[in-house]
Amino acid sequence: APVAGAALARPAGASGGGQPQDAEAGLFPAWARPIAVSLTWLRLFCGSTEATSRPLAADMKWQDWAFHAVFAAALAVTWGAYFADVAVFDAFGRFALRFFSSAWVVACSADLLRAGA
C-alpha cells in the first residue's frame, strides 16, 4: 500500500518511471487521470507523433468498416436461414434477428454520417 500511495501522491505534471508527460492529465479529475495516461500511451502506440494531434476515433475507421462488413455478412446468412425455413426460428429468435438488424442499421448509419462529417 505505501508504494501505491507514493505513486498516487506524485503531481500530475511530474514524469517518472518512463511514462510520457501527459498534457491532458490536468483536464481530468484525479480518479480519471490513469485513464488519460492510458489513452496517451495508446495514441503514441498507434503511431501518432503527438499525443493530442487527433482524436483516437480517427485511428479506428478501418475497424468500423471491418465490423460492419462482418456483421452484414452474418445478418445475410441469418436472414437467408430465416427465409429458407421460418419455422426454425422461435419468437425470441425472430425478435433477436429483427432487433439486431435494426440496431445494425442505426449503428451503420451513425458511422456513415460521422465519416462524412
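If you read the sequence from its start, that first residue is 1, and numbering goes on from there.
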Connected via hydrophobic side-chain network under 4.5 Å: V105 and L75: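 Both belong to a single hydrophobic cluster.
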Do the side chains of W79 and V106 join up, straight or via other hydrophobic residues, at under 4.5 Å, putting them in one cluster?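 Result: no, two separate clusters.
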Nearest 0.5 Å, please: how far is SG in C108 from CZ in F67?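 Between atom CZ of F67 and atom SG of C108 there are 9.0 Å.
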Sequence neighbours left out, cut at 3.5 Å: what donor-acceptor pairs do the side chains of residues 86-99 make with other protein atoms?
{"residue": "D90", "atom": "OD1", "partner": "G93", "partner atom": "N", "Å": "2.8"}
{"residue": "R94", "atom": "NH1", "partner": "F89", "partner atom": "O", "Å": "2.7"}
{"residue": "R98", "atom": "NH2", "partner": "Y82", "partner atom": "OH", "Å": "3.2"}

Please list, chain by chain and in numerical order, all residues satisfying side-chain hydrogen bond (donor to acceptor under 3.5 Å, both in side chains) with T78, sequence neighbours excluded.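 With neighbours one apart ignored, the set is empty.
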